[in-house]
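Some notes on the structure that comes next.
No experiment lies behind these values; they were computed from the predicted model shown. Just so we're on the same page: letters track the sequence lines, and every chain starts at 1.
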Amino acid sequence: MSDNSRAELYQQVILEHHHKPRNFGEMADATHDAEGYNPLCGDHLHIYLHVDDNNLIDNVMFKGDGCAISRASASMMTVALKGKPVAEAKTLYEEFHQLILGHLKPEKDPNQLGKLAIFSGIWQYPSRVKCASLCWHTMKGALDKTKSVSTE
Amino acid sequence: MAKPQLFDVKKIRKDFPNLSVKVHGKTVVYLDNAATTLKPQSVIDATVHHYSAETSNIHRGVHYLSEKATAEYEKTRESVRAFLNAAKSSEIIFTKGTTDSINLVAHSYGRTFLQKGDEVIISEMEHHSNIVPWQILREEKGIVLKVIPMNNNGEFSVADFEKQLSPKTKFVSLVYISNSLGTINPVAEIIKISHRQNIPVLIDAAQTVNHMPVDVQKLDCDFLALSGHKLYGPTGVGVLYGKTDLLNKMPPYQGGGDMISSVTFEKTTYNVLPYKFEAGTPNIAGVIALKAAIDYINSISFENIMQHEQELLDYGTKVLTKIPGLRLIGTAKHKAAILAFVLPNIHAHDLGTLVDEDGIAIRTGHHCTQPVMKHFGIPATSRVSLAFYNTKEELDLLAASVKKAIKVFSPKL
Ligand SMILES: Cc1ncc(COP(=O)(O)O)c(C=O)c1O
């Protein structure tokens with residue numbers, strides 16, 4: 001692996017979201033929520049969504065403990081989802097999934113990932129892929145009304 | 001026995017080919033010995049030799065190769081007997097590892113001799129492999145699990161054990177050295193007290209037999225479990241030591257070839273010890289290579305191993321505790337060369353990934369001891385576990401790498 005892979009995984013954007021997570025906290029009037037748990041590393045997330053009458057996600061929040069990757073990923077996910085229709089959130093979920101497995105190459109495959117493309121190198125760290133994906137699985141679980149999600 | 005040679009770590013390191021492997025362009029710094037130890041060349045050679053020159057099944061052929069393989073296999077049994085100072089080699093049963101050994105006892109002894117309401121004592125610092133088999137038995141038989149709590153240094157006392165002891169206690173199963181804390185538990189005294197009530201005691205010695213000599217007769221434990229791969233030997237092979245009278249009373253764990261003396265459809269007569277508990281073709285090459293591992297340890301001597309590891313532990317404690325904010329998890333008075341810690345602003349997994357970039361292998365996570373993590377209110381630790389081939393220079397490299405990681409993580413103002 002190249003010598004700058006550390007720089008690749010812990011880029012400033014990720015560290016910045018880790019230090020100052022967006023949309024962090026509980027949501028009292030959530031229409032959907034779920035808890036995600038990664039038993040391997042003890043990461044624990046709670047995702048809250050508010051979906052309005054037009055099937056638009058007008059608010060997203062998260063809470064929980066985890067490593068920098070899981071926290072930054074959750075923070076960036078909330079930013080990406082806010083204001084999006086539920087159907088688009090599910091598309092993003094699919095694309096993010098393909099991205100972190102290394103199947104979707106953001107520079108050449110068409111996608112809506114935007115800033116989330118920063119996680120494209122994580123497939124090189126198989127033990128860390130789940131850190132990045134936990135929030136997405138949990139969000140999907142919330143939309144599908146599954147109360148508890150585990151990565152195992 | 002030959003007088004132990006002078007301890008020369010540089011020379012010893014040459015016996016471990018895995019120590020010169022490059023990780024991300026740097027020579028590996030292997031500090032994950034509690035997960036598994038590296039193997040000396042002699043263990044690798046013994047494995048290769050079996051597969052390239054002496055392949056055969058055991059205990060079932062009259063031809064030369066089968067007799068040779070059987071003899072080599074049985075030599076390891078004698079070697080393990082001597083290593084643990086067991087009274088008889090028939091008290092040494094080969095298993096897949098510590099997990100398998102504990103499950104054997106929970107299954108065979110537990111299902112037969114433990115009844116509803118009987119209490120089994122374990123401790124808060126058990127590896128999951130010494131928790132879950134007893135919970136399975138609890139579901140099945142209605143036994144009661146009693147847990148000895150530990151203090152914030154990660155230790156429990158004989159008195160703490162006695163508080164859990166009751167007339168209903170029928171079995172005790174304890175870890176000798178904790179894999180996540182390094183604590184050396186006062187098992188000898190606990191065994192003595194348990195025996196006053198005729199309670200059998202199983203000792204999980206997975207993390208012990210590589211750090212210090214264990215004498216099962218002196219300890220007087222009833223069962224002892226260990227894994228070959230944590231003893232500089234191969235994976236997939238382990239040992240259950242058990243006292244003859246207990247093993248004789250116990251029904252077989254699994255049925256199959258080798259564990260029988262005669263089979264008809266009406267009735268099967270079980271084989272004698274230890275074969276009664278060794279059903280099917282075992283890990284022959286693994287068992288044979290385990291002897292090479294024990295020979296290797298003996299050639300270095302525990303005297304040297306303990307002295308060098310103590311120096312490493314002291315040095316590692318010093319350099320790590322100098323790092324601002326670093327908190328050691330596991331600060332028992334009596335401990336083996338295991339250093340687990342947390343940092344205030346870096347999750348263990350981030351640290352593990354960052355030091356890995358410097359070729360440093362440490363373990364991060366809950367180490368299969370989730371109750372220990374819960375006790376300290378943390379999700380995970382970073383764990384440095386040392387072996388006699390590690391050096392102070394490697395600990396310096398680790399400390400430097402940890403400091404670098406802290407810098408990466410300090411918020412840019
Ligand atoms: C204290 C302790 N007990 C049991 C085990 C289980 O050993 P194995 O996985 O080799 O069966 C381990 C391994 O990590 C251990 O450290």
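From B:Leu354, atom CG reaches atom OH of A:Tyr10 across 5.0 Å, with rounding to the nearest 0.5 Å. For the atom pair NE2 (B:His347) and CD1 (A:Ile69), the distance works out to 11.0 Å, reported to the nearest 0.5 Å.
Within 6.0 Å of atom CG in A:Asp65, 12 or fewer heavy atoms from other residues, nucleotides or ligands are found, so the atom counts as exposed in its surroundings. The number of heavy atoms from other shown groups lying within 6.0 Å of CD (B:Glu139) does not exceed 12. By the neighbour-count criterion of 12 heavy atoms within 6.0 Å, atom NZ of B:Lys96 is sparsely surrounded, having that number or fewer from other residues, nucleotides or ligands. Other residues, nucleotides and ligands place more than 12 heavy atoms under 6.0 Å from the NZ atom of A:Lys105. Other residues, nucleotides and ligands contribute at most 12 non-hydrogen atoms within 6.0 Å of the CG atom of B:Asn345.
For A:His44, no part lies under 4.5 angstrom from a heavy atom of chain B. Looking at B:Asp356, there are no atoms closer than 4.5 Å to chain A (heavy atoms on both sides), in backbone or side chain.
At least one donor-acceptor pair under 3.5 Å links the side chain of A:His19 to the backbone N or O of B:Phe409. Between the side chain of A:Arg128 and the backbone N or O of B:His349, at least one donor-acceptor pair lies under 3.5 Å.
The pair B:Asp350-A:Arg71 fails the salt-bridge criterion, with no side-chain N (NZ, NE, NH1 or NH2) lying under 4.0 Å from an Asp/Glu carboxylate O.
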